[in-house]
Amino acid sequence: MNFEKKILITGGAGFIGSHLVRKMVNKYSKYLIVNIDKLTYAGNLNNLKEIENKPNYEFINIDICNEADLSKLFKKYLFDGIIHLAAESHVDRSISNPKEFILTNVVGTLNLLNECKLQWKNSENKCFYHISTDEVYGSLGDVGYFHENTSYDPRSPYSASKASSDHLVRAYGHTYNLPIKISNCSNNYGSFQFPEKLIPLIINNIKQHQPLPIYGKGENIRDWLWVEDHANAIDLIFHQGKLGETYNIGGHNEWKNIDLVHLLCDIMDRKLGNVKGKSRGLITYVKDRAGHDMRYAIDASKIEEELGFKPSVDFKEGLEKTIDWYLENEEWLTNVTSGDYQNYYSKHYQQ
Ligand code: NAD
Ligand code: DAU
């Protein structure tokens with residue numbers, strides 16, 4: 001088949017990546033979407049069942065740290081664009097095992113940049129797009145927002161690795177004229193999120209009648225965005241964003257962790273037919289995360305004004321849909337929480 005464009009998506013079997021792959025395969029039937037993923041504990045091909053047999057989709061199991069495999073891949077396909085999401089993504093795991101984060105997030109990104117630099121002698125209409133995080137900007141006090149020109153101040157091994165990869169991407173743009181874009185997004189939520197992250201962890205633990213662990217006093221604040229809105233923003237930036245630019249993406253939707261967990265408990269009690277207040281009784285305050293960032297909040301006016309982006313899903317409606325998805329997808333949840341998950345969970349929450 002003759003495709004209009006060949007797009008490489010890395011980390012497409014993960015949470016955000018699978019939403020993006022599904023969207024791009026369905027929306028752009030004339031593009032070939034090649035998804036490469038190492039399938040770590042966080043990668044799951046069951047997330048992509050809906051599109052796995054589509055003629056414009058291919059999956060290849062590749063570790064972005066493996067230069068020889070990447071070189072073969074880039075010899076086989078002449079990519080027009082790369083949307084790079086593959087990463088170790090969980091802050092707590094970066095605190096207990098930082099090296100894996102440096103290897104995948106920094107060295108893996110460097111390997112991809114080098115392949116593009118080799119392949120794109122003529123960089124017209126090409127694009128290396130790095131999907132990054134608001135955590136590179138550090139932590140906010142009670143007021144203020146992260147803007148695109150906020151100085152970097154990463155404070156966890158995870159955010160330090162993402163900040164390093166952002167810097168490398170910009171350095172390749174500046175030094176080698178590589179056509180690059182970066183976006184820094186706030187906390188995502190929705191279906192297919194691995195239940196180590198706050199929202200699916202709380203939903204799963206309520207289902208299992210397990211304690212709901214709240215770090216510290218539960219007063220830390222995150223700015224939540226519906227994952228499909230993030231995928232929409234990525235599509236917009238990939239197609240209409242300016243080369244060399246950075247875009248912040250956020251939901252204007254700040255929640256204190258404890259208030260969010262209360263809301264999840266109340267929705268779950270209603271859906272499960274529990275006595276009101278039952279799930280709140282499972283809340284357990286545990287030792288705080290080391291170096292826990294207090295508040296993240298995004299100023300998304302650039303993407304809104306320049307590209308017309310607007311979050312489409314109201315938070316409470318999004319949480320209802322997310323909870324329904326986890327209640328309806330028992331098998332998915334059982335699969336991802338068997339084996340290694342139990343070891344991770346008991347070790348992490350015993351500390
Ligand atoms: P995730 O952990 O759910 O998925 C990561 C994917 O990358 C998995 O499929 C995993 O198998 C794959 N992967 C890991 N190491 C790899 C390697 N060496 N080679 C190839 N594939 C590898 O993560 P996510 O939450 O979907 O995040 C995706 C990207 O978006 C990350 O770069 C993350 O930093 C960024 N981000 C996430 C959020 C969020 O709220 N989750 C917010 C902003 C930015
Ligand atoms: O801001 C974007 C980032 O959001 C992404 O770059 C990361 O990949 C993603 O994991 C997420 O990071 P957070 O650390 O903010 O997400 P997490 O779901 O781990 O935690 C959200 C908040 O909830 C945070 O303040 C820590 C707290 N928390 C988390 C867990 C897992 C708890 O209180 N208890 C828990 O058990």
Side-chain angles (χ1 to χ4, degrees), residues 9-21 35-45 47-48 60-66 69-70 83-95 100-101 103-105 107-109 111-112 130-137 139 146 156 158-159 161-162 165-166 183-190 192-202 205 211-225 227 230-231 234 249-250 255-258 260-261 283-289 292-298 336 345 348-349:
I9 297 183
T10 71
F15 165 49
I16 302 170
S18 61
H19 281 276
L20 180 70
V21 166
N35 168 18
I36 63 166
D37 199 294
K38 182 182 172 183
L39 300 181
T40 66
Y41 76 94
N44 186 350
L45 289 179
N47 298 359
L48 290 162
I60 312 172
N61 185 347
I62 287 185
D63 179 348
I64 58 169
C65 295
N66 187 323
D69 281 357
L70 281 185
I83 310 181
H84 172 37
L85 295 94
E88 287 294 335
S89 68
H90 194 43
V91 174
D92 292 327
R93 291 188 194 247
S94 84
I95 295 168
E100 206 58 47
F101 286 70
L103 292 176
T104 286
N105 301 2
V107 180
T109 301
N111 292 340
L112 288 164
H130 185 225
I131 306 306
S132 192
T133 171
D134 59 356
E135 298 196 13
V136 298
Y137 298 123
S139 180
F146 295 137
S156 73
Y158 164 70
S159 52
S161 70
K162 293 297 288 188
S165 49
D166 282 0
S183 57
N184 298 82
C185 187
S186 62
N187 289 59
N188 287 213
Y189 73 100
F192 298 106
Q193 186 169 32
F194 193 79
E196 63 188 350
K197 307 278 167 41
L198 182 69
I199 291 180
L201 182 137
I202 295 295
N205 284 18
L212 311 179
I214 308 288
Y215 297 162
K217 295 184 180 151
E219 284 175 354
N220 305 66
I221 292 173
R222 298 292 182 263
D223 172 0
W224 295 93
L225 180 72
V227 61
H230 189 191
I234 293 172
I249 309 169
W255 281 78
K256 255 190 200 163
N257 292 339
I258 188 63
L260 168 55
V261 171
I283 289 174
T284 308
Y285 290 90
V286 299
K287 191 173 153 204
D288 206 354
R289 173 184 280 173
H292 197 171
D293 287 341
M294 185 43 99
R295 173 173 168 257
Y296 303 145
I298 284 279
V336 301
Y345 192 90
H348 178 64
Y349 290 97

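In this text the structure is predicted, and so the values were computed from the model without any measurement. Every number for a ligand or one of its atoms is a count from 1 in the order of the listing.
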Near [X], which atoms of ligand 1 are under 4.0 Å from a heavy atom of that residue?
| X | value |
| --- | --- |
| Asn187 | 40 (O) |
| Gly43 | 8 (C), 9 (O), 11 (O) |
| Leu39 | 11 (O) |
| Ile131 | 30 (O), 32 (O) |

Are any of the N or O atoms of [X] closer than 3.5 Å to those of ligand 1?
| X | value |
| --- | --- |
| Gly14 | yes |
| Asp63 | yes |
| Ile36 | no |
| Thr40 | yes |
| Tyr158 | yes |
| His230 | no |
| Lys38 | yes |

Given 3.5 Å as the limit, does a donor-acceptor pair link the side chain of [X] with the main chain of [Y], or not?
| X | Y | value |
| --- | --- | --- |
| Asp63 | Lys38 | no |
| Lys162 | Ile131 | yes |
| Ser186 | Ile298 | no |
| Thr10 | Leu85 | yes |
| Asn47 | Ala13 | yes |
| Asp293 | Arg295 | no |

Closest to [atom] (judged by heavy-atom distance), picking from [options]:
| atom | options | result |
| --- | --- | --- |
| atom 44 (C) of ligand 1 | Ser132, Cys185, Ser186 | Ser132 |
| atom 36 (N) of ligand 1 | Ile16, Asn61, Leu70 | Ile16 |
| atom 5 (C) of ligand 1 | Ser89, Ala42, Ala87 | Ala87 |
| atom 40 (O) of ligand 1 | Ile234, Leu198, Asn188, Leu85 | Asn188 |
| atom 19 (N) of ligand 1 | Ile249, Val107, Ile64, Val227 | Ile64 |

Which protein heavy atom lies closest to [atom], and at what distance to 0.1 Å?
| atom | answer |
| --- | --- |
| atom 15 (N) of ligand 1 | Thr104 CG2, 3.5 Å |
| atom 8 (C) of ligand 1 | Asp37 OD2, 3.6 Å |
| atom 25 (O) of ligand 1 | Phe15 CD2, 3.7 Å |

Side chain, backbone, both or neither: which part of [X] comes within less than 4.0 Å of ligand 1 when only heavy atoms are counted?
| X | answer |
| --- | --- |
| Ile62 | backbone |
| Lys162 | side chain |
| Trp224 | neither |

Exactly one of Asn205, Leu201, Leu198 clears side chain to side chain contact (heavy atoms under 4.5 Å, CB included) with Leu212, and that residue is Asn205
Which of these, Val136, Asn105, Thr104, sits in a side chain to side chain contact (heavy atoms under 4.5 Å, CB included) with Ser161?
->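 The side chain to side chain contact (heavy atoms under 4.5 Å, CB included) with Ser161 is passed solely by Asn105 among Val136, Asn105, Thr104.
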Classify the angle between the aromatic ring planes of Tyr158 and Phe101 as parallel (below 30°), tilted (30 to 60°) or perpendicular (above 60°).
->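 Plane angle over 60°, so perpendicular.
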Under a plain distance cut-off of 3.5 Å, with no hydrogens placed, do [Y] and [X] share a side-chain donor-acceptor pair?
| X | Y | answer |
| --- | --- | --- |
| Arg93 | Tyr41 | yes |
| Asp92 | Tyr215 | yes |
| Asn220 | Asp288 | no |

Which pair of heavy atoms, one from Asp223 and one from Gly250, lies closest together, and at what distance?
-> OD2-CA, 4.2 Å
In short, Asn66 meets Asp69 closest at the heavy-atom pair OD1-N, 3.0 Å
Can you give me a line-by-line list of nitrogen or oxygen pairs between ligand 2 and the protein shorter than 3.5 Å?
| residue | atom | partner | partner atom | Å |
| --- | --- | --- | --- | --- |
| ligand 2 | 1 (O) | Asp134 | OD1 | 2.5 |
| ligand 2 | 1 (O) | Asn187 | OD1 | 2.8 |
| ligand 2 | 4 (O) | Asn187 | OD1 | 3.4 |
| ligand 2 | 4 (O) | Asn187 | ND2 | 3.1 |
| ligand 2 | 6 (O) | Thr133 | OG1 | 2.7 |
| ligand 2 | 6 (O) | Tyr158 | OH | 2.6 |
| ligand 2 | 8 (O) | Ser89 | O | 2.8 |
| ligand 2 | 8 (O) | Tyr158 | OH | 3.1 |
| ligand 2 | 10 (O) | Ser89 | O | 3.3 |
| ligand 2 | 12 (O) | Glu135 | OE2 | 2.8 |
| ligand 2 | 14 (O) | Arg289 | NH1 | 2.6 |
| ligand 2 | 14 (O) | Arg289 | NH2 | 3.4 |
| ligand 2 | 15 (O) | Asn187 | ND2 | 2.8 |
| ligand 2 | 15 (O) | Arg222 | NE | 2.8 |
| ligand 2 | 16 (O) | Asn187 | ND2 | 3.4 |
| ligand 2 | 18 (O) | Leu198 | N | 2.8 |
| ligand 2 | 19 (O) | Arg289 | NH2 | 2.9 |
| ligand 2 | 23 (O) | Asn257 | ND2 | 3.4 |
| ligand 2 | 25 (O) | Arg222 | NH2 | 3.3 |
| ligand 2 | 25 (O) | Asn257 | ND2 | 2.9 |
| ligand 2 | 25 (O) | His292 | NE2 | 2.7 |
| ligand 2 | 33 (O) | Tyr215 | N | 2.9 |
| ligand 2 | 34 (N) | Pro213 | O | 2.9 |
| ligand 2 | 36 (O) | Tyr349 | OH | 2.6 |

Just wondering, do Ile214 and Thr284 contact through their side chains at under 4.5 Å, heavy atoms?
->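 No; the side chains remain at least 4.5 Å from each other.
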Could you state the interatomic distance from CG (Asn257) to NZ (Lys217), rounded to the nearest 0.5 Å?
->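 Spacing of CG (Asn257) from NZ (Lys217) equals 14.0 Å.
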Go through the steps to decide whether Phe15 and Phe194 satisfy the test ring-ring contact (aromatic ring centres under 6.0 Å, His included), and finish with yes or no.
-> CA-CA 7 Å; Phe15 165 49; Phe194 193 79; over 10 Å; no
Non-hydrogen atom of Gly108 closer than 4.0 Å to ligand 1 = no
